[in-house]
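Notes follow the structure.
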Amino acid sequence: MDSALQPADSMSKMAGGAGMTGLASTTGSADHDFLRMMSDHHKGLILMAHETIESKEKFSVKPIATRLDNAQDAELDKMSTLLEKDFKDPYEPKVTSSNQMMANELKGKTGAVYDQTFLKNVIAHHEEAIKIIDDYLPKSKNATVKSMAEAMKAMQSKEIVEFRAKLK
C-alpha cells in the first residue's frame with residue numbers, strides 16, 4: 001500500500017487526546033492543526049474514491065466517486081500549499097483509522113449494496129468533516145483557512161442532502 005494511503009495514528013493522538021473534533025492544539029495554532037487534521041480526513045475519502053473508481057465493477061457511484069476525488073484532491077493540494085507556505089510544514093497526510101474502516105467496509109460488496117454503502121460512508125465522512133469544521137471555526141485566525149473551511153462545510157452539507165436523497 002502507498003505510504004500516503006496508510007492509516008494514520010488515531011485522530012485523538014494527533015489532537016492531543018481531545019478526539020477528532022476537539023482540535024486540541026498540537027502546534028499552538030488552530031489554523032495549522034485544522035489543515036493537518038482535514039488533510040488526513042481528505043486522504044480517507046480519496047482512498048474510498050480511488051478504490052471505487054479503479055474497481056472493474058460497474059458501480060453506479062463511480063461518477064460520484066470521480067467528482068469527490070477531484071474535489072478532495074484539489075482541496076488537499078490547497079491545504080498542503082498553505083501548510084508549506086504559511087507554516088513551513090511539509091506535512092504528509094495519512095488516512096485516519098475511521099476512514100480506513102469505511103474503505104474496508106466496501107471490500108467484498110457488489111452492485112447496489114456497494115453503492116449504498118459507499119453513499120452511507122461518504123455521508124458519515126462528511127458529517128465528521130462538518131464536526132471538525134464547527135470546532136475549528138470559532139478558533140480561526142487565518143482568513144484564507146477560515147474561508148476554505150466555510151466553503152468545505154457548505155459543499156459537504158449540500159452533498160449530504162444529495163446523497164441521502166439517492167439512498168431513498
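Since the structure is predicted, the reported quantities are computational estimates derived from the model, not experimental observations.
For the residue pair Asp31 and Lys141, the shortest heavy atom distance occurs at OD2-N, 3.2 Å. Nearest heavy atom pair, residue Leu83 against residue Arg36, reads CD2-CG, 4.1 Å. Across all their heavy atoms, Met152 and Phe34 have their closest contact at SD-CZ, 4.4 Å. Across Leu137 and Ala149, no two heavy atoms sit closer than the pair CD2-CB, 4.0 Å. Shown here for Ala129 and Met38, the closest heavy-atom pair between the two residues is O-CE, 3.8 Å. Closest approach of Leu45 to Asn99, counting heavy atoms only: N-OD1, 3.8 Å.
Tracing side-chain contacts under 4.5 Å through hydrophobic residues (I, L, V, M, F, W, Y), one reaches Ile160 starting from Val61; they form part of the same cluster. Residue Met148 is not grouped with residue Ile130 when hydrophobic side chains (ILVMFWY) are merged at heavy-atom distances under 4.5 angstrom, including chains of intermediate members. Residues Ile132 and Val145 fall within the same hydrophobic cluster, defined by Ile, Leu, Val, Met, Phe, Trp and Tyr side chains chained together at heavy-atom separations under 4.5 Å. One hydrophobic cluster, built from ILVMFWY side chains closer than 4.5 Å, holds both Ile133 and Ile46. Cluster membership for Phe118 and Ile123, using ILVMFWY side-chain heavy atoms within less than 4.5 angstrom, is shared.
Counting only residues at least two apart or in different chains, ring-ring contact (aromatic ring centres under 6.0 Å, His included) contacts with residues 138-168 are absent. Under the ring-ring contact (aromatic ring centres under 6.0 Å, His included) criterion, the residue pairs touching residues 53-73 are Phe59-Tyr114, with sequence neighbours excluded.
Taking CD of Glu162 as the reference point, atom CG of Leu167 lies at 10.5 Å (rounded to 0.5 Å). If you take CG on Asp69 and CD1 on Ile53, they are separated by 4.5 Å, rounding to the nearest 0.5 Å. Between the OG atom in Ser60 and the CD atom in Gln116 there is a gap of 9.0 Å [rounded to 0.5 Å]. Distance check, rounded to the nearest 0.5 Å: CG of Asp40 to CE of Met79 gives 9.0 Å. Put simply, NZ on Lys43 and CD on Glu92 are 7.5 Å apart, with the number rounded to the nearest 0.5 Å. The CD atom of Glu75 lies 11.5 Å from the CG atom of Leu35; values are rounded to the nearest 0.5 Å.
Residues Ile64 and Glu159 fail the side-chain proximity criterion, which asks for heavy atoms closer than 4.5 Å. For the pair Ser98/Glu128, a side-chain contact is recorded, criterion being any heavy-atom separation below 4.5 Å from C-beta on.
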Begin with the C-alpha distance, continue with both residues' side-chain angles, and end with the deciding distance and a verdict on salt bridge (charged side-chain N to carboxylate O under 4.0 Å, His left out) for Lys166 and Asp115.
CA-CA 10 Å; Lys166 287 185 180 302; Asp115 292 338; over 6 Å; no
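Judged by distance alone, with hydrogens and angles left aside, the side-chain atoms of Ser55 form no donor-acceptor pair with the main-chain N or O of Glu51 at under 3.5 Å. A distance-only check finds a donor-acceptor pair linking the side chain of Thr81 to the backbone of Asp77 [under 3.5 Å]. One N or O on the side chain of Lys109 and one on the backbone of Glu105 form a donor-acceptor pair closer than 3.5 Å. A donor-acceptor distance shorter than 3.5 angstrom exists from the side chain of His41 to the backbone of His125, with no hydrogens or angles considered.
For Lys107, the NZ atom counts as densely surrounded, since its 6.0 Å shell holds more than 12 non-hydrogen atoms of other residues, nucleotides or ligands. Heavy atoms from other residues, nucleotides or ligands lying under 6.0 Å from NZ of Lys78 number 12 at most.
Side-chain contact of Asp33 with Thr26: a donor-acceptor pair under 3.5 Å is present, judged by distance alone.
Under the rule for a side-chain contact (heavy atoms from CB on, under 4.5 Å), the partners of Thr144 that lie at least two apart in sequence or sit in another chain are Leu82, Asn142.
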